[in-house]
Protein chains: 2
Amino acid sequence: MALEAAELDATFHALSDPTRRAILARLAQEGDVTVMELAEPFAMSQPAISKHLKVLEKAGLVSRGRDAQRRPVHLEAQPLAEVTDWLLGYRQFWQAQFDRLDDVLDQLQALEKQAGKN
Amino acid sequence: MALEAAELDATFHALSDPTRRAILARLAQEGDVTVMELAEPFAMSQPAISKHLKVLEKAGLVSRGRDAQRRPVHLEAQPLAEVTDWLLGYRQFWQAQFDRLDDVLDQLQALEKQAGKN
DNA sequence: CCTATAAATAACCACTTAGTTCTGTACCGG
DNA sequence: CCGGTACAGAACTAAGTGGTTATTTATAGG
């Protein structure tokens, strides 16, 4: 539960690649999937997918099962929860920025209304 | 507002380094800071920090001002909001996994209570 | 104008990444 | 036991990362 730097490193790094995000998305909607099934929609070799899976596995984002010669991939969502928690630490901050933006927009609107009267 | 792949790539990549996360944390609590002030607590040269800032800037996480020869760094939280939104798309999923974990723990507790009676 | 300061840029280095192809291994099924 | 299938591993390559030191640019100020 430590939310250590190295964990964040690994999870954010794993999420920084579109192929890996697509893999996660697919696991989320289809459940466990084999490596071959995963590789099929990508214009990419099977070993390339295996490498991506290793990155995801190192971040704890997926786990691997065993079904004969297949190694089904399973989504483990916990690291996602952890990085989300980390990000939510900044929520107040961007909220404040958005609020200020709202203020600016309000003022702008007020000015336009004013201009319309002239 | 497109939440495009390349944006997520850049933001997640920027967040995958502990030095860069520390920079963001410092900006969040101290407000705008110069490069020299930023570099001071790190065992790292000024150009190294400048490089990290360029990564953060490319991801839109910081912007740069101008104060004489200083280039104060300003936190821009919007990309954080965007990746948080992306992550929250998985919230239902990890929630479900946690619920299932709760069930298991409940069952375990029930079994222990049962065992205690014998 | 000259010097000092803040920061960016350049050139370089070791290491990692994301991909490839080829090969090896484990397991199933006839 | 033998051929096929599913995957992992090794070896290679091109490009990117994270750091360094040395240099350059921009600006303030005596």
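In the text below, chain A, chain B and the rest are named by the order of the sequence lines, each starting its count at 1. Keep in mind that what you see is a predicted model, and the values were worked out from it rather than measured.
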Quiz prompt | Side-chain donor-acceptor pair present, A:T11, A:E7, cut-off under 3.5 Å | solution = no
Quiz item: With a 4.5 Å limit on heavy-atom distance, are the side chains of B:L87 and A:L15 in contact?
Solution: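 Touching, per the 4.5 Å side-chain cut-off.
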Practice problem: Indicate yes or no: at least one non-hydrogen side-chain atom of A:S50 is less than 4.5 angstrom from one of A:V35. | Solution: yes
Self-check item: Contact letters for nucleotides 24-30 of chain D, in which S counts primed atoms plus P, OP1 and OP2 and B counts the base, heavy atoms under 4.0 Å
Solution: ---BS--
Determine yes or no for a side-chain-to-main-chain donor-acceptor pair under 3.5 angstrom, with [X] supplying the side chain and [Y] the backbone.
{"X": "B:R21", "Y": "A:A5", "result": "yes"}
{"X": "B:R70", "Y": "B:T34", "result": "no"}
{"X": "A:R26", "Y": "A:G31", "result": "no"}

Exercise. Taking all heavy atoms of B:L53 and all of B:L38, pick out the closest pair and write down the distance.
Key: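 The pair with the smallest heavy-atom distance is CD2-CD1, 3.9 Å.
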Quiz item: OP1 or OP2 of C:dC27 sitting under 4.0 Å from any side-chain N/O of A:R71?
Solution: no
Quiz item: Should we count CZ of B:R64 as having more than 12 external heavy atoms under 6.0 Å?
Solution: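 Buried by this count: over 12 neighbours within 6.0 Å.
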Self-check item: Within residues 34-53 of chain A, residues whose heavy atoms come under 4.0 Å of DNA chain C
Solution: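 Output list: A:M44, A:S45, A:P47, A:A48, A:K51, A:H52.
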Nucleotide [N], atom [atom2] - distance to [atom1] of [X] in whole Å:
{"X": "A:D32", "N": "D:dC7", "atom1": "CG", "atom2": "C1'", "answer": "17 Å"}
{"X": "B:D9", "N": "C:dT17", "atom1": "CG", "atom2": "C1'", "answer": "14 Å"}
{"X": "B:I23", "N": "C:dA7", "atom1": "CD1", "atom2": "P", "answer": "13 Å"}
{"X": "A:L56", "N": "C:dT17", "atom1": "CG", "atom2": "C1'", "answer": "14 Å"}
{"X": "B:K54", "N": "D:dG19", "atom1": "NZ", "atom2": "P", "answer": "15 Å"}

